[in-house]
Amino acid sequence: MSKSIIFVCLGNICRSPIAEGVAKKYCLEKGYDFKISSAGTGSWHLGEAPCENSIKVAMQNSVDISKQRAVQFTQRDANKHDYVIGLDSSNVQNIKKLGQLKVYKLGDFGFDGKDVPDPYFFDGFEGFDKVFNMIDICVKNLLDDINNNKL
Ligand code: 4NP
């Protein structure tokens with residue numbers, strides 16, 4: 001069975017949708033057979049499309065995330081995925097509180113364990129390209145590590 005990887009942030013409208021989009025595209029490019037999804041621990045935006053600036057920065061990098069819709073990571077999801085990846089430390093804590101035994105942090109795969117900053121409160125588009133770049137690098141390193149049985 002193919003391994004499942006879920007990226008989790010707070011709202012599932014800014015950061016984890018980018019991670020999902022980058023991961024799905026990279027899997028196609030590399031021929032990796034992983035099941036990729038994303039979710040948020042919060043419920044404010046369920047059913048919504050990703051935020052405009054995330055769609056825009058992803059599109060600028062040839063990744064289409066416009067069809068994604070926000071879903072929530074709940075207790076029921078805990079320990080059902082092979083790899084659960086939080087985008088920042090508070091996401092990791094929230095995921096653990098829901099009963100997930102093992103959680104990884106995306107920034108550990110290329111950015112010295114740094115948090116991927118929450119762009120929801122950014123003023124406009126500025127900063128979204130930095131967030132994309134961070135996610136892009138770390139997601140690809142993560143998938144390569146999983147493919148090489150390093151995780
Ligand atoms: P995300 O950003 O976790 O990257 O999707 C956020 C989106 C919405 C909220 C917070 C963060 N919110 O509080 O509604």
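Read the numbers this way: they start at 1 and go in the same order the structure lists the ligands and their atoms. Hydrogens, waters and symmetry mates are skipped; everything else that's a heavy atom, side chains included, is used.
Ring orientation note: the planes of Phe128 and Phe125 are close to parallel, at an angle under 30° on the 30°/60° scale.
Hydrophobic cluster membership is shared by Val63 and Val139, with clusters built from Ile, Leu, Val, Met, Phe, Trp and Tyr side chains linked at under 4.5 angstrom. Tracing side-chain contacts under 4.5 Å through hydrophobic residues (I, L, V, M, F, W, Y), one never reaches Tyr120 starting from Phe122; they form parts of separate clusters.
Under a 4.0 Å criterion applied to the non-hydrogen atoms of Cys14, ligand 1 contributes the atoms 1 (P), 2 (O), 4 (O), 5 (O). The ligand atoms of ligand 1 that sit less than 4.0 angstrom from a heavy atom of Asn12 are 5 (O).
Any N or O atom pair closer than 3.5 Å counts here, and Pro119 shares no such pair with ligand 1. Considering backbone and side-chain N/O of Cys9, none are found under 3.5 Å from N/O of ligand 1. For Trp44, no nitrogen or oxygen atom sits less than 3.5 Å from a nitrogen or oxygen atom of ligand 1, counting backbone and side chain alike. Residue Phe121 places no N or O, backbone or side chain, under 3.5 Å from any N or O of ligand 1. Note: no N/O pair closer than 3.5 Å links Ser16 and ligand 1 by distance alone.
Of all protein heavy atoms, the one closest to atom 2 (O) of ligand 1 is Asp118 OD1, 3.0 Å. The single protein non-hydrogen atom nearest to atom 12 (N) of ligand 1 is Tyr120 CE2, 3.4 Å, given as residue, atom name and distance. Of the protein's non-hydrogen atoms, His45 NE2, 2.8 Å is the one closest to atom 14 (O) of ligand 1.
In this model, no donor atom of one side chain and acceptor atom of the other lie less than 3.5 Å apart for Asp136 and Tyr26.
When the shell of 6.0 Å around CD of Glu126 is examined, it contains 12 or fewer heavy atoms from other residues, nucleotides or ligands.
The six-membered or imidazole ring of Phe7 lies away from that of His81, with a centre-to-centre distance of 6.0 Å or more.
Cys9 pairs with exactly one of Leu106, Asp88, Leu87 by the side chain to side chain contact (heavy atoms under 4.5 Å, CB included) rule, that one being Leu87.
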